[in-house]
Amino acid sequence: MKIATWNVNSIRQREQHVLSWLERNQPDILFLQEIKCTADQFPELGLRGLGYHAEIVGQKSYNGVAVLSRQPVGITHRALPGLPVDDAQARYIEVEADGMALAGIYLPNGNSGGAAGYAYKLAWMDKLAERAAELLAADIPLVITGDFNVCPEAQDLAPGALGPDDALVRPETRARYRRLLWLGLTDAVRSLHPTGPVWTFYDYQAAAFERDSGLRIDHALLSPTLAERLVSAAPDREERAKALPSDHVPVLVEIS
DNA sequence: ATGCCGGGTCCTACCCGA
């Protein structure tokens, strides 16, 4: 089974990139982040021709997540359980497929909005951990994948790419990511590539891609029985070299 | 070493991202 995630930075700008990538990689499920549109604005994508279904949690202008799948999936949540009911940010989609729970997330960046913006990120991570614990306690095989906006360790950012106070690397951010691992989840990419750069994001500015100055912030976390079946997990760096790319590349995980 | 790039929208100057 192939599960993928990709922050596309506007699905309307990246329609052909996504179609081409689906054709070449044939994932069973692709989670999308930052689609930056409402469900009715989501492009047709020629998905029917490729045999994909789409489920969309949209929002005007910002955020927005979706899932494309070969088989129809049942949406179980359109928002992260535990957040205030008036939270309007489209950052979470959870589906059920083959007895598994799969969550696609666009975790808040946390650098804008001052102290309140960072507090929102930490609260979001707390609720994510609660949701993961709930599913693990029920012995439901679990995948959490998406744009976490977290560089888990020092080796997950190019030297000088971010300052020490950046919301992606602050100790409180990293502690909350580690809490997810301590629940028993496995970081799929890092478990197969234990050391060194495995970038999933390159800033558009300052020729970051050409300088190989990236970040590892898009992740896939697997519950134990899925981690035991992990075959491969890696970002698709080549996608960043294409014309008019997203600043994130897809991450593809294969489970036997 | 940040808003230089590249999305978005009250259509065009400004907000947001990491």
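To find a chain, count down the sequence lines: A is the first, B the second, and so on, and within it residues start at 1. We use all heavy atoms of the structure for the numbers below, so side chains are in, but hydrogens, waters and symmetry mates are not.
- When the nucleotides B:dT9, B:dA1, B:dA18 are ranked by their closest atom to the side chain of A:Arg12, B:dT9 comes out on top.
- Among the nucleotides B:dG17, B:dA18, B:dG8, the one closest to any side-chain atom of A:Ser112 is B:dG17.
- As judged by a 4.0 angstrom heavy-atom cut-off over every strand, A:Tyr106 is placed among residues touching the sugar-phosphate backbone only.
- OP1 or OP2 of B:dG8 sits under 4.0 Å from a side-chain N or O of A:Gln13.
- Checking the phosphate oxygens (OP1, OP2) of B:dA18, a side-chain nitrogen or oxygen of A:His248 falls inside 4.0 Å.
- Within the nucleic acid shown, A:Asp218 has no heavy atom closer than 4.0 Å to any nucleic acid atom.
- B:dT12 and B:dG7 are spaced 15 Å apart, taking the C1' atom of each and rounding to whole Å.
- Nearest approach of A:Gly196 to A:Gln155, heavy atoms of both residues: N-OE1, 2.9 Å.
- With respect to the salt-bridge test (charged N to carboxylate O, under 4.0 angstrom), the residues A:Arg174 and A:Asp156 do not qualify.
- Across the protein-nucleic acid pair, A:His219 atom NE2 and B:dA18 atom C1' stand 12 Å apart, rounded to whole Å.
- A donor-acceptor contact under 3.5 Å links the side chain of A:Asn109 to the base of B:dA18.
- Backbone-only engagement by A:Ile217 is indicated by non-hydrogen atom pairs under 4.0 Å involving sugar-phosphate atoms exclusively.
- Rounded to whole Å, the C1' atom of B:dT9 lies 22 Å from the corresponding atom of B:dC4.
- Using a 4.0 Å cut-off, no side-chain N or O of A:Asn63 falls inside it from OP1 or OP2 of B:dG17.
- If you take atom C1' in B:dG3 and the same atom in B:dA13, they sit 15 Å apart, rounded to whole Å.
- Nearest approach of A:Ala97 to A:Val73, heavy atoms of both residues: CB-CG1, 3.9 Å.
- You'll find that the side chain of A:Tyr204 is closest to B:dG6, out of B:dG6, B:dG7, B:dA18.
- No continuous path of hydrophobic side-chain contacts links A:Val65 to A:Leu30 [ILVMFWY only; heavy atoms under 4.5 Å].
- At the heavy-atom level, A:Asn149 lies under 4.0 Å from the strands shown only through sugar-phosphate atoms.
- A:Glu55 approaches A:Arg78 most closely through the heavy-atom pair OE1-NH2, 4.0 Å.
- Taking only side-chain nitrogens and oxygens, A:Arg216 never comes nearer than 4.0 Å to OP1 or OP2 of B:dA18.
- For the residue pair A:Asn109/A:Lys121, the side-chain donor-acceptor check at 3.5 Å is not satisfied.
- Atom CD1 of A:Ile35 is separated from atom P of B:dC16 by 19 Å (rounded to the nearest Å).
- Of the listed nucleotides (B:dG3, B:dA18, B:dA1), B:dG3 has the atom at the smallest distance from the side chain of A:Gln205.
- Using atom P as the reference point in both B:dA1 and B:dC16, the two lie 25 Å apart (nearest Å).
- For B:dC10, one of the phosphate oxygens OP1 or OP2 lies less than 4.0 angstrom from a side-chain nitrogen or oxygen of A:Lys60.
- Under 4.0 Å is where a charged nitrogen must lie from a carboxylate oxygen, and between A:Arg24 and A:Glu238 no such pair does.
- In this structure, CG of A:Asp203 is placed 17 Å from P of B:dC16, rounded to the nearest angstrom.
- The distance between atom NZ of A:Lys121 and atom P of B:dG17, rounded to the nearest whole Å, is 11 Å.
- Between A:Asp147 and A:Tyr62, the residue anchored closer to the 5' end of DNA chain B is A:Tyr62, taking for each the nucleotide with the nearest heavy atom.
- Distance noted for atom C1' between B:dC15 and B:dC10: 12 Å (whole Å).
- Comparing A:Gly160 and A:Phe201, the nucleotide of DNA chain B nearest to each residue sits closer to the 5' end for A:Gly160.
- Straight-line distance from the CG atom of A:Leu244 to the C1' atom of B:dG6: 10 Å, rounded to whole Å.
- If you check B:dA1, B:dG7, B:dG17 against the side chain of A:Ser10, the one that comes closest is B:dG7.
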